[in-house]
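The structure under discussion appears below in the form of structure tokens.
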Amino acid sequence: MALDVEAIRAHIPALTSGSARFDAPGGTQMPQPVIEAIAEALSRPLANRGQVTEGERNADALVTQARQALGDLLGVRPRGVVFGRSATQLAYDLSRTLAKDWGPGDEVVVTRLDHDSNIRPWVQAARAAGATVRWADFDPDTGELLVEQVAAVLSERTRLVAVTAASNLTGTCPDVPALAALAHEAGALLHVDAVHYAAHAAVDLAALGADTLVCSPYKFLGPHLGVLAADPEFLETLRPDKLLPSSDAVPERFELGTLPYELLAGTRAAVDFLAGLEPEARGSRRERLAASFAALEVHEDALRARIEQGLADLGGITVHSRAAHRTPTLLFTVAGMAPAEVSRHLAAQGVDAPAGTFYAVEAAHRLGLGDEGGVRVGLAPYSSAEDVDRLLAALSRLPR
């Protein structure tokens, strides 16, 4: 079934500003049901979690409901859902916890395709433990991170492989299940950055083969926070630093301080909104999410193809998003113009498409783009054909 884009857009008040928004990879606009869920949570009594007072029960229910929702979204049991301030914070916390068991002679593998939040925490933790960092390269001509490129830096000393499920810069989607099989064969863990991926595809932790995975609800219509997903039995084996009186239960032992209950309410509402993108779908929330993402993929791929053809027709534009399997995200540069200059030109015409490296500094440098990066165009459920036409029309008027 085709997405009813106008119905989706009608739920998102920020779109009344009139801009054609292609900045979704940096954070999506929030639907009204998500905003209302946050307001409702703040309008009712809240306290530290418990079962005695109304405020305690409200807080406990919000946490429970959010874990259930993210469990459905990511294909993991609710006890395997950890909340944090951001995916970056959770990666740092996890890296420090795992590195307690690393030492000289151990190795950690990171890739040059990744966002820095899936590189620097592992690099810094490895160096602090005396472990060695091995780098897996990607092909700048195709944008592909091949299984062989990761296999070349694996050894029996590898303790962890960190890889993205989708590049936030170019959209490249590596073969994560194949990489997981390689990592596990070498006796290593696989950590997956699914921050960009989870906005565009149905996630299944077990199918990906990931031991741990992070995502960020604000990339898929929710509020700003981070999520770590793992098998609860695996989490039971980890001993993070924590306060003495705080709970040692899983997943609470990984959550530092009081959770932002109102943001958890918004996150649950965002998952429910996603599950309703395909209104004809029936079944469990997990099944409805699968139907929604299938329809979303068709919608976003069609718009991506329209953009790619339009950029090719304009000429003088180099598209750096070339992988065979990728999200609806395009990074491009314009001959004779700095990316920031192109972005300002577009913004002046009501088209929001930011420029930079977007924290994927290793990837940007490997592509030869340096610290300037490129202009990034990303799609979301509310992106429309009219938005695409406005983008291409604005690019056609570049002062070249």
Side-chain angles (χ1 to χ4, degrees), residues 11-14 27-74 76-94 97 195 198-199 203 213-230 232 235-236 238 240-276 284-286 288-289:
H11 285 291
I12 302 176
T28 47
Q29 304 307 303
M30 199 176 290
Q32 190 65 35
V34 177
I35 298 169
E36 291 172 356
I38 293 171
E40 181 184 0
L42 292 172
S43 301
R44 301 172 62 197
L46 282 175
N48 288 325
R49 294 173 64 188
Q51 293 299 316
V52 177
T53 69
E54 182 182 2
E56 291 174 350
R57 291 191 295 273
N58 287 344
D60 197 63
L62 291 174
V63 176
T64 299
Q65 292 165 9
R67 290 204 209 281
Q68 291 169 339
L70 267 297
D72 288 342
L73 182 74
L74 304 175
V76 65
R77 285 175 284 166
R79 283 186 62 243
V81 174
V82 177
F83 294 109
R85 184 175 63 82
S86 65
T88 300
Q89 174 246 304
L90 288 166
Y92 265 113
D93 289 348
L94 181 63
T97 299
V195 171
V203 178
L213 175 149
V214 290
C215 68
S216 299
Y218 74 99
K219 307 290 188 175
F220 49 82
L221 310 178
H224 287 76
L225 75 161
V227 177
L228 169 72
L235 294 179
E236 291 281 4
L238 304 182
D241 293 332
K242 57 176 284 296
L243 301 181
L244 181 63
S246 64
S247 174
D248 195 42
V250 168
E252 283 83 1
R253 72 170 66 156
F254 298 92
E255 294 170 337
L256 307 181
T258 303
L259 290 172
Y261 302 128
E262 69 279 10
L263 302 186
L264 299 188
T267 296
R268 185 265 307 154
V271 174
D272 284 336
F273 189 87
L274 286 170
S284 68
R285 180 163 52 191
R286 175 77 177 165
R288 288 181 284 115
L289 283 164

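Rounding to the nearest 0.5 angstrom, the gap separating the CD atom in Q32 from the CD1 atom in I12 is 10.5 Å. Note: L243 CG to L256 CG = 7.5 Å, rounded to the nearest 0.5 Å. Rounding to the nearest 0.5 Å places CZ of R253 at 4.5 Å from CG of D248. Atoms CD and CG, from Q65 and L264 in turn, are 10.0 Å apart once rounded to the nearest 0.5 Å. The line from OG1 of T97 to CG of L235 is 10.5 Å long, rounded to the nearest 0.5 Å. With rounding to the nearest 0.5 angstrom, the CZ atom of R57 is 12.5 Å from the CG atom of L46.
Applying the side-chain contact (heavy atoms from CB on, under 4.5 Å) criterion to S43, with sequence neighbours excluded, gives no partner residue. Legend: residues meeting ring pair (Phe, Tyr, Trp, His ring centres under 6.0 Å) with F273, ordered by chain and number and at least two apart, are H11.
When side chains are defined from C-beta on, L289 counts as touching V271, because their heavy atoms get closer than 4.5 Å.
Remark: E236 engages R79 in a salt bridge, criterion side-chain N to carboxylate O under 4.0 Å. Salt bridge status for R49 with D60: present, with a side-chain N to carboxylate O gap under 4.0 Å.
Nearest heavy-atom pair, V76 versus A229, reported as atom, atom and distance to 0.1 Å: CG1-CB, 4.1 Å. Considering all non-hydrogen atoms of both residues, F83 and E255 come closest at N-OE2, 2.9 Å. Closest non-hydrogen pair, P232 versus V250, comes out as O-CG1, 4.1 Å. Minimum interatomic distance between M30 and I38 (heavy atoms only, all atoms of both residues): SD-CD1, 3.9 Å. Closest non-hydrogen pair, P13 versus I35, comes out as CG-CD1, 3.8 Å.
R268 contributes no side-chain N or O that, together with a main-chain N or O of Q68, makes up a donor-acceptor pair within less than 3.5 Å.
R285 CZ: more than 12 foreign heavy atoms inside a 6.0 Å radius.
Put simply, the residue from L90, L94, D93 that forms a side-chain contact (heavy atoms from CB on, under 4.5 Å) with V82 is L90.
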Residues 214-228 side chain polar contacts: donor-acceptor under 3.5 Å, at least two apart:
{"unit_1": "K219", "atom_1": "NZ", "unit_2": "P25", "atom_2": "O", "d": "2.7"}

